[in-house]
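Single-structure report; data block below.
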Amino acid sequence: QVQLVESGGGSVQAGGSLRLSCTTSEYIYDTYYLGWFRQAPGKEREGIAAIYTGGPDTYYADSVKGRFTISQDNAKNTLHLQMNSLKPEDTAMYYCAADPPWDWEGLTSLLPGAHNSRGQGTQVTVSS
């Protein structure tokens, strides 16, 4: 089981910024797709951003494109999600996820499934 630990959630007013971090097991860092999905009360889970740790490819959902930036810190085996211009509709539990390359089909592959792993989540609350 891949170990993933999120941090950095919190409460912020609309228009503000937060930075989420996810520390991963070292042995998976070079060969996986890492990313974030979120789930708000009463809404479906949504894959929002991902990066292939072996190359430059990044992926964003339309709902966050232009506002969120995913990045990796190879030295610290850490994934980051910089969230700017936050909106109340961004309020959700945010989960870090890891999906092996052979299972990857896009952001939906971050959602809980048989072949991927996820952390415990960190809450983000955006007030208007």
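- Put simply, CG on Leu34 and CG on Leu81 are 12.0 Å apart, with the number rounded to the nearest 0.5 Å.
- Residue pairs that meet the side chain to side chain donor-acceptor pair (under 3.5 Å) test with at least one member in residues 5-14, sequence neighbours left out, do not exist here.
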* To do: Report the C-alpha distance between Ser109 and Asn116 in whole Å, list the side-chain angles of each, state the deciding distance to 0.1 Å, and finish with yes or no for side chain to side chain contact (heavy atoms under 4.5 Å, CB included).
  => CA-CA 8 Å; Ser109 295; Asn116 58 23; 5.5 Å; no
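- Taken to the nearest 0.5 Å, the OG1 atom of Thr91 stands 9.0 Å off from the CZ atom of Arg38.
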Under 3.5 Å, side-chain donor or acceptor atoms of residues 57-68 against the rest of the protein: list the pairs with distances, not counting sequence neighbours.
from  : atom 1 : to    : atom 2 : distance (Å)
Tyr60 : OH     : Ile70 : N      : 2.8
Asp62 : OD1    : Lys65 : NZ     : 3.3
Ser63 : OG     : Glu46 : OE2    : 2.6
Arg67 : NH1    : Ser85 : O      : 3.0
Arg67 : NH1    : Asp90 : OD2    : 2.7
Arg67 : NH2    : Ser63 : O      : 2.8
Arg67 : NH2    : Asp90 : OD1    : 3.0
Arg67 : NH2    : Asp90 : OD2    : 3.4

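- Minimum heavy-atom separation, Leu110 to Ala50: CD1-CB, 4.0 Å.
- The shortest non-hydrogen separation linking Gly8 to Leu18 is O-CD2, 4.1 Å.
- Across every non-hydrogen atom of Leu107 and Gly47, the tightest pair is CD1-O, 3.7 Å.
- When all heavy atoms are compared, the tightest approach of Pro88 to Ser128 is CG-CB, 3.9 Å.
- Residues that satisfy the ring pair (Phe, Tyr, Trp, His ring centres under 6.0 Å) test with Tyr95, not counting sequence neighbours, are Phe37.
- Remark: side-chain polar atoms of Thr53 are paired, donor with acceptor, to backbone N or O of Tyr32 under 3.5 angstrom.
- Within the 3.5 Å criterion, the main-chain N or O of Thr23 finds no donor-acceptor partner in the side chain of Thr78.
- Looking only at distances, no side-chain donor or acceptor of Asp103 sits under 3.5 Å from a matching main-chain atom of Pro100.
- One finds the NE2 atom of His80 at 11.0 Å from the SG atom of Cys96 (value rounded to the nearest 0.5 Å).
- Of the possible donor and acceptor atoms, none in the side chain of Asp99 sits under 3.5 Å from a partner among the backbone N and O of Tyr33.
- For the atom pair NZ of Lys87 and OG of Ser127, the computed distance is 15.5 Å after rounding to the nearest 0.5 Å.
- From Arg45, atom CZ reaches atom NZ of Lys43 across 15.5 Å, with rounding to the nearest 0.5 Å.
- Between Met93 and Gln123, the closest heavy-atom pair is SD-N, 3.5 Å.
- Considering all non-hydrogen atoms of both residues, Leu79 and Ser71 come closest at CD1-O, 3.4 Å.
- Side-chain contact check for Met83 versus Val124: some heavy-atom pair is nearer than 4.5 Å.
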